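What follows is one structure encoded as structure tokens, with my remarks underneath.
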Amino acid sequence: MNIILLGPPGAGKGTQASRLVAGRFMVQLSTGDMLRAAVKAATPVGLQAKAIMARGELVSDAIVSALIGERLDQGVGAGAIFDGFPRTAAQAEALEVLLAARGQALDHVIELTVDEAVLTERIVGRYTCANCGEGYHDRFKQPLVAGVCDVCGSTEFKRRPDDTAATIATRMAVYRGETAPILPFYETRGLVRRVDGMADIEQVTAAIEVILDG
Ligand code: AMP
């Protein structure tokens with residue numbers, strides 16, 4: 001079972017991918033996470049990607065497709081959840097080739113539909129536990145004890161450097177101009193399913209589970 005979660009920044013792709021991983025022995029393949037790890041480790045890819053990411057623009061198709069290929073070669077258990085990839089037509093074509101070469105195919109492309117007006121608020125307020133990665137939000141989900149992670153007890157939290165009002169406009173424009181146009185490619189093959197990304201986190205997960213079990 002290989003699925004793509006598609007939607008604009010802040011739609012909840014990462015949140016939903018990690019919830020599905022926990023229950024299904026699937027693997028989350030987030031090019032954003034891979035690139036952030038590369039930036040942190042100051043690898044050649046990270047050094048190239050850092051400024052591009054800070055501006056909210058796209059890293060090259062060749063770089064992200066290579067990251068996905070390398071990750072697929074490590075095995076993906078019961079299947080892959082692509083989160084933040086593909087983002088361009090060239091990446092969608094690269095993914096076809098990468099999967100076919102491994103005797104695999106896509107089962108579903110799940111589009112999380114959201115009201116763009118709320119996305120900026122969702123993104124600007126979000127932060128994660130620096131230790132375990134649990135997600136929080138200034139308005140929507142504070143830790144039960146202020147300053148202490150509910151899951152692991154850490155008191156260190158972090159925010160993404162590109163989660164600022166200034167870069168969000170660019171990231172939205174990139175989504176509209178480069179990523180949303182790949183939907184018809186999957187629609188003609190009957191792969192696209194839509195889920196209301198404005199619903200509660202649990203409800204969104206439940207709607208995706210129905211698709212995966214259908
Ligand atoms: P994300 O965590 O998915 O929001 O990605 C954060 C940033 O990483 C994006 O704004 C891009 O700069 C870069 N990035 C992540 N995935 C891709 C991709 N598939 N293609 C190009 N750039 C990407």
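All figures in this text were calculated on a predicted structure; none of them were measured in a lab. Positions are given from 1, in the same order as the sequence printed here. Ligands are counted one by one from 1 in listed order, and the atoms in each one are counted from 1 as well. Computation of the quantities below employed the complete heavy-atom set of this structure, encompassing side-chain atoms and omitting hydrogens, waters and symmetry-equivalent molecules.
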**Request:** Please write down residue, atom name and distance for the protein heavy atom closest to atom 7 (C) of ligand 1.
**Result:** Met53 CE, 3.9 Å
**Request:** Tell me which protein heavy atom sits closest to atom 15 (C) of ligand 1, plus the residue, atom name and distance to 0.1 Å.
**Result:** Arg87 NH1, 3.4 Å
**Message:** I need the single residue from Gln28, Gln16, Lys13 that forms a side-chain hydrogen bond (donor to acceptor under 3.5 Å, both in side chains) with Asp83. Which is it?
**Reply:** Gln28
Can you find an N or O of [X] that's nearer than 3.5 Å to an N or O of ligand 1?
X: Ser30; value: no
X: Asp33; value: no
X: Leu58; value: no
X: Gln91; value: yes

Report the part of [X] (side chain from C-beta onward, or backbone N, CA, C, O) that has a heavy atom under 4.0 Å from ligand 1; answer both or neither where that applies.
X: Asp162; value: side chain
X: Leu35; value: side chain
X: Glu57; value: backbone

**Asked** Does at least one non-hydrogen atom of Arg160 fall below 4.0 angstrom from an atom of ligand 1?
**Response** yes
**Asked** For ligand 1, is Arg55 a contact, meaning one of its heavy atoms is under 4.0 Å away?
**Response** no
